[in-house]
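Here the structure comes first, spelled out in structure tokens, and everything after it is commentary.
The structure displayed is predicted, hence computed values, not measured ones. Naming convention: chains lettered A, B, ... in sequence-line order (proteins, then strands); numbering from 1 in each chain.
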Number of protein chains: 2
Amino acid sequence: MPPEPRAVRGRPRAFNEAEVLDQAIALFSAGGFAAVSIADLVAVTGLSAGSLYKAYRDKEGIFAGALDRYIAERDRRLGDIAAGAPGGRARITALLRLYAGLSQGEAGQRGCLVVSGITGLDQLGATAAVLRATLARRHAMLAALVAEGQRDGSIATTEPPEGVADLLLALLQGMRVVGKGGRFPEDGEGFVRRALRLLD
Amino acid sequence: MPPEPRAVRGRPRAFNEAEVLDQAIALFSAGGFAAVSIADLVAVTGLSAGSLYKAYRDKEGIFAGALDRYIAERDRRLGDIAAGAPGGRARITALLRLYAGLSQGEAGQRGCLVVSGITGLDQLGATAAVLRATLARRHAMLAALVAEGQRDGSIATTEPPEGVADLLLALLQGMRVVGKGGRFPEDGEGFVRRALRLLD
DNA sequence: CAAATTAGGAAATGAACATTCCCTAATTAC
DNA sequence: GTAATTAGGGAATGTTCATTTCCTAATTTG
């Protein structure tokens with residue numbers, strides 16, 4: 001059930017919104033909200049400032065659009081990965097592997113929109129709540145996976161799932177910070193294996 | 001052996017450098033390099049722009065001065081804490097407790113200069129190397145503590161100390177990110193206790 | 001085909017920005 | 001006491017910034 005082809009009045013958008021938002025994601029991830037200027041966005045998107053403002057209202061609107069897309073894409077990928085592995089422990093393992101890949105080498109140095117967004121939280125208005133909610137949602141997801149693993153016997157710890165999720169959440173965000181600094185280890189598998197001790 | 005009172009030519013500095021740098025640390029920690037303007041620094045320090053430029057050459061110089069002070073202070077505190085606890089495991093425990101305190105509540109939301117600096121790494125010139133070196137130094141310190149714990153029997157894991165240090169480093173930086181988002185748990189002791197599983 | 005509506009973009013606007021200039025003040029060297 | 005040197009700060013400088021304005025283009029509605 002894809003939405004109707006379209007039937008909105010007026011001249012249609014000529015730019016590819018997904019592409020533009022991906023370019024914005026790259027810029028904001030690398031430098032944070034304050035470090036990106038409208039001129040930068042104009043340069044990478046090829047759009048004019050006027051068009052950007054018509055489409056997104058202001059700079060925070062562009063950031064918010066980029067963040068929504070980033071989060072949707074990341075949530076989708078997290079969901080797929082979790083669904084594709086059997087049992088709580090395997091799901092968390094797959095998730096750690098994903099983040100290890102995102103944190104390594106050049107990819108890692110491109111940064112994370114959630115981390116740079118949180119760093120610049122004070123500069124954001126309504127969008128700050130989206131970032132906080134994202135942390136909360138990730139935490140809930142991790143806690144659910146831990147609880148699942150405790151039920152299915154793949155996770156031995158008797159600590160409360162929310163407490164273990166606190167650790168995993170911090171670890172995942174920290175991997176991105178270290179990765180941005182270019183210091184995430186090459187041996188991602190070893191990192192993941194050692195991290196799993198948190199579940200024992 | 002404190003340095004000679006002084007014997008430099010010319011008019012002496014009238015402002016308290018430690019105080020000014022602490023104010024700069026607060027600003028840059030909260031928002032990152034790009035989010036802080038010279039006007040902001042003028043406002044909180046009470047100095048004029050001209051004086052700031054005479055003392056620190058440019059905006060990155062102010063950031064670099066703040067970062068040096070921040071790192072020196074943090075390293076001193078880490079060293080004290082590590083020295084004050086008996087054995088590798090207890091030292092790492094104390095260190096995790098320190099970071100839990102830094103990440104909680106309002107203090108956590110004030111941010112971390114290292115994290116916000118790394119987020120804005122691309123905007124920094126020579127100072128970027130200082131930040132990367134800081135990550136490397138913290139990693140080395142953690143690895144040394146793990147190795148010590150393995151020797152004294154307080155740390156059971158047979159994983160390489162550097163590998164365990166990778167985890168601890170990411171965890172510590174991630175605690176600050178989650179703390180900036182206002183989502184670090186109130187039960188810091190529980191967090192620390194569960195984190196110590198990484199050493200078993 | 002005309003009216004209404006929305007998008008695109010070039011140029012203008014005014015504020016904020018980092019940085020420099022220049023004059024005055026305080027100190028040391030001789 | 002005079003020269004040399006460094007700090008402090010007010011005001012200027014030229015740039016970059018986010019945002020708006022306004023005109024043109026493409027589409028739907030009737």
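Residues in residues 44-55 of chain A take part in no salt bridge (charged side-chain N to carboxylate O under 4.0 Å, His left out) pair, two or more places apart or across chains. The side-chain hydrogen bond (donor to acceptor under 3.5 Å, both in side chains) analysis of residues 26-38 of chain B, with sequence neighbours excluded, yields the pairs S37(B)-D40(B).
The salt bridge (Lys or Arg N to Asp or Glu O under 4.0 Å) test applied to R74(B) returns no partner, not counting sequence neighbours. The side-chain contact (heavy atoms from CB on, under 4.5 Å) check on Q123(A) picks up F33(A), A34(A), A35(B), with sequence neighbours excluded. Not counting sequence neighbours, the partners of R97(A) by the salt bridge (Lys or Arg N to Asp or Glu O under 4.0 Å) test are E189(A). Checked against salt bridge (Lys or Arg N to Asp or Glu O under 4.0 Å), E17(A) has the following partners two or more places apart in sequence or in another chain: R13(A). Qualifying side chain to side chain donor-acceptor pair (under 3.5 Å) partners for D68(A), counting only residues two or more places apart in sequence or in other chains: none.
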Scan the side chains in residues 126-136 of chain A for donor-acceptor partners under 3.5 Å anywhere in the protein, sequence neighbours excluded, and list what turns up.
| unit_1 | atom_1 | unit_2 | atom_2 | d |
| --- | --- | --- | --- | --- |
| T127(A) | OG1 | E60(A) | OE2 | 2.6 |
| T134(A) | OG1 | V130(A) | O | 2.8 |
| T134(A) | OG1 | R137(A) | NH2 | 3.4 |

Name the atoms and distances for all side-chain donor-acceptor pairs under 3.5 Å in residues 168-178 of chain B, with sequence neighbours left out.
| unit_1 | atom_1 | unit_2 | atom_2 | d |
| --- | --- | --- | --- | --- |
| R176(B) | NH1 | L102(B) | O | 3.2 |
| R176(B) | NH2 | Y70(B) | OH | 3.1 |

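Put simply, CZ on R9(A) is 18 Å from C1' on dA25(D), counting in whole angstrom units.
Taking the charged nitrogens against the carboxylate oxygens, R89(B) and E148(B) have no contact shorter than 4.0 Å, which rules out a salt bridge.
A heavy-atom distance below 4.0 Å to DNA chain C is reached by these residues of residues 14-30 of chain A, ordered by number: A14(A), F15(A). A heavy atom lying under 4.0 Å from DNA chain C marks none of the residues of residues 120-130 of chain A.
Checked by distance alone, R11(A) brings a side-chain donor or acceptor within 3.5 Å of a matching partner on the base of dA25(D).
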query = Can you give one letter per nucleotide of nucleotides 9-20 of chain D, going 5' to 3': B for a protein heavy atom under 4.0 Å from the base, S for sugar-phosphate only, - for none?
reply = BB------SSBB
